[in-house]
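This report refers to the structure that appears directly beneath it.
This is a predicted model, so every value here is computed, not measured. If you read the sequence from its start, that first residue is 1, and numbering goes on from there.
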Amino acid sequence: MHALHQTLLPSSSIHHSLYLPNFTPSTIYPLPKPISNIDNNNNNSHEVKVIGNLIVAGGENLRIFEIRESIEIPINNSLKQEEDIEEGEERLGDGFYDDGHSKRDPIKFEIKRKLHLLTQYELNGTITGLSGIRTIESSVDGLDRLLVSFEHAKMALLEWSRGSISTVSLHTYERCSQMISGDLQTYLPMLRTDPLSRLAVLSLPEDSLAVLPVLQEQSELDSIEGYPRDVPYSPSFVLSLSDVSPNLKNLQDLLFLSGFHSPTLALLYSPLHTYSGRYQTIKDNYCLEIRTIDLSSGGTYPLLTSVTGLPSDSLYLVSCPSELGGVVLITSTGIVHIDQSGRIIGTSVNAWWNYATNLKTDHQSENNKINLEGSKCLFVNPRDMLLILQNGDVHQVRFEMDGRSVGQIKIDQSSSSVPPPSSVVVAGDKALFVGSAEGDSLLGRINEEREVLTNGDEVKLEEDKKDEMDVDWDEDLYGDINDSTNGGLANGHKKELTGPTKISVAPYDVLEGTGKIMDIEFGIAATDQGTRTYPQLVALSGGSRNSTLNVFRRGIPITKRRRFNELSSSDAVWFLPIDRPSGQKFKDISDSERTTMLFSTERNATRVFALTNKATPEQIGRIDGKTLNAAPFFQRSCVMHVTPAEVSLLDSNGKRIQSVCSGSDLPPITSASISDPYVAIRRLDGSVSFFVGDTVARTVSEVSIVAEGSEGPLCQTIEVFSDTTGIYRTFEPSKPAISTDAPSMENAMNASKGTQWLSLLTNQGELQIRSLPDLKVVLQTDGLGSSAPTFTDDLVDGLLNFDEVEDPIKQISFCPIGKATVRPHLLALHESGRLNAYEAQPRFTVDSSTQTRRSLAVRFRKVHTQLLPISGGSTKLPYTIIPFSQIEGITGAFITGEKPHWIVGSEAHPLRTYALKQAAMAFGRTTHLGGKGEYFIRIEDGSFICYLPTTLNTDFAIPCDRYDMDRVYTSIAFDPTSAHYVGAASISVPFQAYDEEGEIQLGPEGENLIPPTNQRSTLELFSQGSDPWRVVDGYDFDQNEEILCLESVTLESQGAEGGYRDFIAVGTGFNFGEDRATRGNTYIFEIVETVGTGGKAPISGWILKLRAKDPARNPVSAISHINGYLLNSNGPKIYVKGFDDDQQLMGLAFLDVQIYVTSMKVFKNFILISDINKSFWFVTLQEDPYKLTTISKDLQPVSPLVTDFLVHEGQMTFISNDREGNMRMLDFDPSDPDSLNGERVLLRTEYHTGAPVTASKVIARRKTAEEEWAPQTQIIYATADGALTTLVSVKTARFKRLQLVSDQLVRNAQHIAGLNPKAYRTVQNDLLPKPLSKGILDGTLLSHFALQPLNRQKEMMRQIGTDAVTVASDLAALGGFW
């Protein structure tokens, strides 16, 4: 059997983050200024600038952000005066006597910073480190370079070039002796670069370093003989630390220090190993060495400082600013500062310090009682450091000086809270970024407050409260010392901010992410009345502090508000904001958004309605002919209406004012585009016409697009569009960069509407964009017709041949997409159903120096592509792109047709498309009922006014609702009978040790000792309906008892209808520590509905009812059900039990397995049992007599976490996932001689997925009426990096075709960082002569096929004998059933 592995939800965990001041040109050149909109009166926005770039990585995912800063007037301040004016009053102007002192307060500005996503990549390697570096070229273009390290000892040097990342070089060390023969189990790669970019090092196994010298001057490059002169580095080499010093063993951490003339490295290592049980004999085994790396003299490494006897619980090093000097050592129990002379100053954070080290230190901060394991540190100024604990609590660390040396270290109480950190980096001035692997990440503002000292006397920050009648004559003469308007003077003296600094962190922006997924469960949403609505997938993420419930659903739900029966047969609708005197006004809806007229086209006629807040619209007119387009004209006072026969101007009542264009002898009009005051139409023969309206005369006349005497081009599409983002601007001739001195001509034309442009796509495949009103060509390209990844104004030397256009474009749409900040996009819909989405990104420099005309300073980059399904090659319901704006704050586009799609996006996330399950015939946004988030849609069920749920999150690849919980949850299950979820909550409690007799054992006692903790579980029942995920009932387990597995099971029940009933089965284990054997329990719960009689009204609800408790001698780590019986593990045994009289569990059969069962999966009468160390067993249950029989087993020593069945049309295979992130496909084939008569399963394929799997669910395709059973299954995986992946089976013929496509992509496609996708998916297995890499297709690699240009697709398909549409159809068919 063959399969396809693909990603449903990309990884969002952040393990590495890096701030670079100048990685992209936008940090050097100013951003385009958005054109102010007069209708919105947006006076509180100011210039936006990019202060730097943020690069984050997690798994194989790499994302590049801009940090955009804006200075704005807070909305509360700008609207403060308006709130005081009652309705009906009129403002008479500024009061001369009555305004008072408050009217003269200065305007307070607020600095805001937001993350703006530039691009993201799925690399063919697991990222292990990020670092910034500058090369020789940086002195030319001013940009930083990015150094990325990957698994298996690889480094790639990347740079930003022409709107994307390009690879400079790739350095691999996977074939060196340290990687071949070294200990890879304990290998932790560390990437470090010198602050002056002179050196980069990557740690290797066996205490070695890969050293890459980076050149900074041309003289260094000229001195290298026999090496290419166009590379910015010297030959790299591998340095063994044992050659530097024989004592350098067991490297713990290393970093470069600033302020030195040569690259200087601090090394933390431990020559001897120890642990807490050996502290009596070996303690303080860590050492620190500071060495200079001098490569100019042949490679010498002089020792500057050596310190021994450092604490045994040392964790990592932090480099100090050059003003402070030295390094900071973080241990689990304290903080130590070591200066360049080896002087040690430390402080302890809990009383365990004296147990872990003999080092004398200050104990003033022990009362904090914090644990520094999993913490992160960074300096925010020369003498203050932020300490972020594993749970996200932020503490300030003060370094108080004694002369030039550190005299004391003080740790303050927690000042703020951030997400649990996996990486922390300073993100510009007074800002930091906290990356989290468990959920949302934070871009934070660093607040520094000092106490004010005036004339040496301390003054409190709080203002004294005085009676209104009290008069301070000194204050009246000299001003209030706390008043910001007196220039900071108090009685002639300047206020001095010389007190101690208090530092806290406040949020700038939040980068949403799912984080590590603990468990997943399929369920069905239910209303308050118990009605089942739609299926959903609940993913449980988080872990350190609390959990987040992510409720995913396939597509945006259609939430209906009311029916719109008047449009039950409409083919297309236009809701227009026409200025009508009878139009209803709403407080929260501006006039430019208030829809007052409706045009509905049905077959060959159009009805015109007047809209009010009434439920039923009033028809005010009827027009013969099908409407192609209708839009407001002449400042919303008229309507421009286009039919296939004519173009006419209508008044606000739908009456014709002027017939702009009519003629029965001309070909019919097929499409039209309207943007006040311009109209562009295209006829059936491809000819186009362009009309311009005169606002004063209120007439519309035709204007020739080309010069007189020239023949106009035949076009596939024509579009008039406007831009308010300011991104559409032009380069002037002979100027290499955008001018920043004066606004461009386009911006000065019409500031209220934005700049307006005309685009034409000719039949030869040439895209032209012309500026308005002069109709000058500013862009010519063939990139859109050829589906190029990027294109700019790059076609200057003529046109294309008509034969090269194979897939014509039927519609293009220039529309903004986003939420708070929109991005301009170009959507292109091809005849074949291919949809390409290009983002218009600003350019700052001209790519070609031969430009002789104005050139559009925009680069179009493809951000999404997909194939919309077309039944039988053509469809009765064609696809149409309809842009919309401000539906619940979302601006985007909707595609009507056979398989409709939403196209949305946001500032910090890429463009998303969400499909609907049923066809949509018409769509339009409306506000006539007073709702800003309402829209009209006509689907197969009827015509409705709908709205988007306010809780809907569209930032992820799958739309979801997110709920932050107060506790940490480890497992979740769904009860189908009651439609309720239950979750296993994990509460951290002090660990209580017991002896064999059950007596409590007391440990060390002390005032500031942190007690050891373990987990205690509770089972909680969640509510459904309008108030979901509220805990309504629960069950508390015993001390030290933790839930290990939670499943919904179907067991035999005599009293139930059909003989079966659904229950919740729970398996637990007791954690008693090392000195006492563990045990467990099996619980059976039922969710029942109760009706109370207390009070005035009966109280009904759902509760958890304990049906049975079955003690076990070992932990119950896995649980399932088979044929109405309970299947559970009991340490090294598997039991099958029946539920007798719904009261007790009775044993029926058992089977001896090995060490620890990780999962049990059931398919019909077969069972797959996974063991943590002995792979898995293939078992069956016999009922007469009851017996578990081993059919086959895997004899390889692997550690599977989950093992599942994959079924396809009568064939079955086993899919196993281990702790290393490797997927294995195995078959049961007794006829094969290698299977030893079926006693051994056969390994067919090994495939590296990239991240360990935490949970899996198997779902089946719905069977058709002709099928007797579901012939195919799909496996959904949740990973530790927060991704959702899927595995589906593939037919042999389709697999062979897609395998050839994969081989072509490996050879012909450009891969970021030069990594080989085939090598990334290959699993190293020393027991096999060659890797078993064929059998599972890489969906991530195949997704790059659609991103290739059409000519490259055609060339690749020619070599394998197929076409691009067939391959795209294959990939669309393998999308799975959920």
Handout entry: Exercise: identify the closest heavy-atom pair between R834 and S787
Key = CD-OG, 4.4 Å
Problem - 4.5 Å side-chain heavy-atom contact, Y1277 and P1252 - result: no
Handout entry: Side chains of P789 and L1347 in contact at under 4.5 Å (non-hydrogen atoms)
Key = no
Exercise for the section: Decide whether D1218 and S1199 meet the rule of one side-chain donor and one side-chain acceptor closer than 3.5 Å. Expected result: no
Handout entry: Pairwise side-chain contact, S236 with Y173, heavy-atom cut-off 4.5 Å (strictly under)
Key = yes
Handout entry: Nearest non-hydrogen partners of L118 and R861, listed with the distance
Key = O-NH2, 2.9 Å
Handout entry: Distance-only polar pair, side chains of S11 and S13, donor-acceptor under 3.5 Å
Key = no
Handout entry: Expected output: side-chain T1249 to main-chain G1221 donor-acceptor under 3.5 Å
Key = yes
Practice task
Before giving the answer on side-chain hydrogen bond (donor to acceptor under 3.5 Å, both in side chains), spell out for Q1299 and H2 the whole-Å C-alpha distance, their side-chain angles and the decisive distance to 0.1 Å.
Solution key: CA-CA 11 Å; Q1299 183 66 54; H2 309 289; over 6 Å; no
Problem - Stepwise side-chain contact (heavy atoms from CB on, under 4.5 Å) test for S164 and T119 - result: CA-CA 8 Å; S164 180; T119 183; 5.6 Å; no
Exercise for the section: For residues K862 and N836, determine if any side-chain heavy atom of one lies less than 4.5 Å from a side-chain heavy atom of the other. Expected result: yes
Problem - Side-chain heavy atoms of L1305 within contact of V1301, under 4.5 Å - result: yes
Exercise for the section: Decide if atom CD of Q1310 counts as having more than 12 heavy atoms of other residues, nucleotides or ligands within a radius under 6.0 Å. Expected result: no
Problem - Closest contact, heavy atoms only, S12 versus R63 - result: O-NH2, 3.6 Å
Practice task
Report the C-alpha distance between Q6 and S1343 in whole Å, list the side-chain angles of each, state the deciding distance to 0.1 Å, and finish with yes or no for side-chain hydrogen bond (donor to acceptor under 3.5 Å, both in side chains).
Solution key: CA-CA 9 Å; Q6 53 188 337; S1343 65; over 6 Å; no
Problem - Q780 side chain to E766 backbone, donor-acceptor under 3.5 Å - result: no
Exercise for the section: Go through the steps to decide whether S17 and L130 satisfy the test side-chain contact (heavy atoms from CB on, under 4.5 Å), and finish with yes or no. Expected result: CA-CA 7 Å; S17 57; L130 298 175; 5.7 Å; no
Handout entry: Any residue meeting side chain to side chain contact (heavy atoms under 4.5 Å, CB included) with Q1196, in chain and number order, not counting sequence neighbours
Key = D1194, V1198, R1224, R1240, L1327
Handout entry: Note: R1358-E1355 ion pair, threshold 4.0 Å (strictly below)
Key = yes
Practice task
Decide side-chain contact (heavy atoms from CB on, under 4.5 Å) for L826 and F791; before the verdict, give the C-alpha distance in whole Å, the side-chain angles of both, and the deciding distance to 0.1 Å.
Solution key: CA-CA 12 Å; L826 167 58; F791 62 85; 4.1 Å; yes
Problem - S169 versus H171, side-chain donor and acceptor atoms under 3.5 Å - result: yes
Practice task
Mark yes or no for whether N53, through its side chain, and F23, through its backbone, hold a donor-acceptor pair below 3.5 Å.
Solution key: yes
Exercise for the section: Taking the side chain as every heavy atom from C-beta outward, state whether R1297 and T1366 have any pair of such atoms under 4.5 Å apart. Expected result: yes
Fill in the blank from the handout: When every non-hydrogen atom of M179 is compared with those of A153, the smallest separation belongs to SD-CB, 3.7 Å
Exercise for the section: Using a 4.5 Å cut-off on heavy atoms from C-beta on, say whether the side chain of S1256 contacts that of N1217. Expected result: no
Problem - Within 6.0 Å of CZ in R1307, more than 12 heavy atoms from elsewhere - result: yes
Completion exercise
One should read off an interatomic distance between L146 CG and I133 CD1, to the nearest 0.5 angstrom, of 10.0 Å
Exercise for the section: Using modelled atom types only, decide if a donor and an acceptor are shared between the side chain of T1286 and the backbone of I1275 within a distance under 3.5 Å. Expected result: yes
Practice task
Determine yes or no for a side-chain-to-main-chain donor-acceptor pair under 3.5 angstrom, with H901 supplying the side chain and K899 the backbone.
Solution key: yes
Practice task
Report the residue from H1248, H1311, H152 that forms a ring pair (Phe, Tyr, Trp, His ring centres under 6.0 Å) with Y1320.
Solution key: H1248
Problem - side-chain contact (heavy atoms from CB on, under 4.5 Å) assessment of V858 paired with L779 - result: CA-CA 9 Å; V858 171; L779 181 138; 5.7 Å; no
Problem - Polar side-chain atom of T1322 near backbone of K1318 as donor-acceptor pair, under 3.5 Å - result: yes
Problem - T1254 side-chain N/O to I517 backbone N/O, donor-acceptor pair under 3.5 Å - result: yes
Practice task
Report the distance from atom CG of N1308 to atom NE2 of H1344, rounding to the nearest 0.5 Å.
Solution key: 14.0 Å
Problem - Nearest heavy atoms of S203 and L209, plus distance in Å - result: CA-CD2, 3.8 Å
Problem - Least distance between heavy atoms, A840 atom then F860 atom - result: CB-CE2, 3.9 Å
Exercise for the section: Answer with yes or no whether the side chains of T1340 and E122 bring together a donor and an acceptor at under 3.5 Å. Expected result: no
Practice task
Answer yes or no: is there an ion pair linking E831 with K810, defined by an N-O contact shorter than 4.0 Å?
Solution key: no
Fill in the blank from the handout: Distance col, row I1336:CD1 vs M1225:CE, nearest 0.5 angstrom, shows 4.5 Å
Handout entry: Beyond-backbone contact of R1244 with T1213, side-chain heavy atoms, under 4.5 angstrom
Key = no
Completion exercise
Contacts satisfying side chain to side chain donor-acceptor pair (under 3.5 Å) that involve residues 1323-1336 (not counting sequence neighbours) are E1246-N1325
Practice task
Please check if the side chain of E151 supplies one atom and the backbone of T126 the other of a donor-acceptor pair under 3.5 Å.
Solution key: no
